[in-house]
K.L.:
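The structure is given below, and queries will be raised subsequently.
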Number of protein chains: 2
Amino acid sequence: MSSELSAPFEPESVRVARVVREQIVDGSREPGSRLVERDLAAELGVSRIPVRDALRTLVAEGLVTPRPRTWAVVREFSDADVDHLHEVREATDPLHFRLAATRRSPEQLEALTEAWQREDAAARAGDGPTARRAGADFHERVVEAAGNPVLLELHLVIASRVRWLLGQHLDLQAIADEHRELLDAVRDGDGEAAARLAGAHLGTSRAAAQERRA
Amino acid sequence: MSSELSAPFEPESVRVARVVREQIVDGSREPGSRLVERDLAAELGVSRIPVRDALRTLVAEGLVTPRPRTWAVVREFSDADVDHLHEVREATDPLHFRLAATRRSPEQLEALTEAWQREDAAARAGDGPTARRAGADFHERVVEAAGNPVLLELHLVIASRVRWLLGQHLDLQAIADEHRELLDAVRDGDGEAAARLAGAHLGTSRAAAQERRA
DNA sequence: AGCGGGGCGATGGTATGCCATATTCGCCTC
DNA sequence: GAGGCGAATATGGCATACCATCGCCCCGCT
């Protein structure tokens, strides 16, 4: 029926979810705007079924707020939402980095380094979207390196929101620099340092959020 | 988390999800057994669409393992899965209890007490399923009392697995007793004690899992 | 002008049916 | 007898269609 470029097989619903997710985290879909199944289906050239599936996925990721019997809307993040996200990450991020430092395989360390290099290059070049994506990749690979699938699963629930949060940051280079320190700690296998730096990293994020409100 | 005030409207898909979830956590559906959309639809007297939606939900909860293009199966938990779950809970549970102790409203404390009383009564009566359900309610209400919706959201991802884990416990009365201590700490607003007890509680769970393997 | 009721359109929920692919099993060949 | 090939079947992905409900708007009555 279409391309089929030797990919293992990707359901349309997965593609639809990815497209809409990108639009939301990049801000090209206004928070609060309606997501109407029929409209999305027409836009993307599919029927409502894969769109329904995709919207369920995005609701699970917290990017879409469902309104039973009426319509779904792009999630709006309040200051309180940002605080809650930080509070959760204060418990999970240090764990991610502590475990990653002690368990990472050489291959995982390499993948981590690669993500950081992409992030750093993009930050220097002033390419915000690429830097944010690479920064999110960095986080995700840390969680992979932590070697706990449940932890990864939980991270994926909030990963899109973390990425959105990254998008609110103005000083991308500062983020990349802190990631560099974290990378070094993970490389050295120093779990305690990694956990401490993760906490400090969150402090930076919190401060930035605070500042934005003023 | 259910309000269910006069049941304004419940989609079939939600009902299907609940039914199948109960069967899985109670063990009446064998881990590894196939979940065929058409069969479930026929069993429950609906079409495949609500079954599809329900299976997506259960996949998101980690109770069902999807096999694209073939079939979905009831998740099988390995010893490693149990370890991973404990590792995650060691980061989150103390946070749940610490926050609950400092933020709970009087109403939330009451709901918590009620859940514990149900658990304790069922444990004394030797009613395993009821005790497990009440124990899971206890945990969930603690997370509600923690006043962080993101935390609740993450908890719900693993809540069904936590409940399954509870089902593996033999000494339900011991669990209820530890919950009682936690309840007291939350009542007293002693966040540190609550967090410490939560860690100890997990130690009990880990020890029980260890013992089962022997 | 304000208010209440009825109807119509918008929209999500569900059913049915077709299609593509993976799996299975038997038969044929060596 | 073993291995592989092919057809039949099992099964999930998707499209189309119908229905129920919720809002909104307009009209008529007061």
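Naming convention: chains lettered A, B, ... in sequence-line order (proteins, then strands); numbering from 1 in each chain.
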K.L.:
On DNA chain D, check which nucleotide each of B/Asp39 and A/Trp71 is closest to and give me the residue with the more 5' one.
P.N.:
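In this pair, the answer is B/Asp39.
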
K.L.:
Could you give the CZ-to-C1' distance, from A/Arg67 to D/dC22, as a whole number of Å?
P.N.:
13 Å

K.L.:
Tell me every residue that passes salt bridge (Lys or Arg N to Asp or Glu O under 4.0 Å) with A/Asp39, counting only those two or more places apart in sequence or in another chain.
P.N.:
none

K.L.:
Starting from P on C/dT16, measure out to CZ on B/Arg52 and report it in whole angstrom.
P.N.:
16 Å

K.L.:
Mapping B/Val46 and A/Ala72 to their closest nucleotides on DNA chain C, which lands nearer the 5' end?
P.N.:
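Closer to the 5' end of DNA chain C: A/Ala72.
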
K.L.:
Does B/Ala91 have any side-chain contact (heavy atoms from CB on, under 4.5 Å) partners at least two apart in sequence or in another chain, and if so, which?
P.N.:
A/Leu95

K.L.:
Just to verify, what does A/Leu202 make a side-chain contact (heavy atoms from CB on, under 4.5 Å) with, not counting sequence neighbours?
P.N.:
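Checked A/Leu202 against side-chain contact (heavy atoms from CB on, under 4.5 Å); matches are A/His86, A/Arg89, A/Glu90, A/Asp93.
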
K.L.:
Given atom CZ of A/Arg15 and atom C1' of D/dG13, what is their separation to the nearest angstrom?
P.N.:
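Nearest whole value for this atom pair: 14 Å.
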
K.L.:
For B/Ala42, check side-chain contact (heavy atoms from CB on, under 4.5 Å) against everything at least two apart and list the hits.
P.N.:
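Partners of B/Ala42 under the side-chain contact (heavy atoms from CB on, under 4.5 Å) test: none.
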
K.L.:
Under 3.5 Å, side chain of A/Arg103 to main-chain N/O of A/Ala146, donor-acceptor pair present?
P.N.:
yes

K.L.:
Using the test side chain to side chain donor-acceptor pair (under 3.5 Å), find all partners of A/Asp120 that sit at least two apart in sequence or belong to another chain.
P.N.:
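A/Asp120: side chain to side chain donor-acceptor pair (under 3.5 Å) contacts with A/Arg124, A/Gln173.
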
K.L.:
So which protein nitrogen or oxygen atoms get under 3.5 Å of nucleotides 17-19 of chain C's nitrogens or oxygens?
P.N.:
| from | atom 1 | to | atom 2 | distance (Å) |
| --- | --- | --- | --- | --- |
| C/dG17 | O6 | B/Arg48 | NH1 | 3.4 |

K.L.:
Taking only side-chain N and O atoms of B/Ser47, does any of them lie within less than 4.0 angstrom of OP1 or OP2 on C/dT14?
P.N.:
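So the side chain of B/Ser47 is outside the cut-off, no N or O lying under 4.0 Å from OP1 or OP2 of C/dT14.
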
K.L.:
Using a heavy-atom cut-off of under 4.0 Å over every strand shown, decide if B/Leu55 touches base, sugar-phosphate, or nothing.
P.N.:
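No contact at all - B/Leu55 keeps every heavy atom at 4.0 Å or more from the nucleic acid.
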
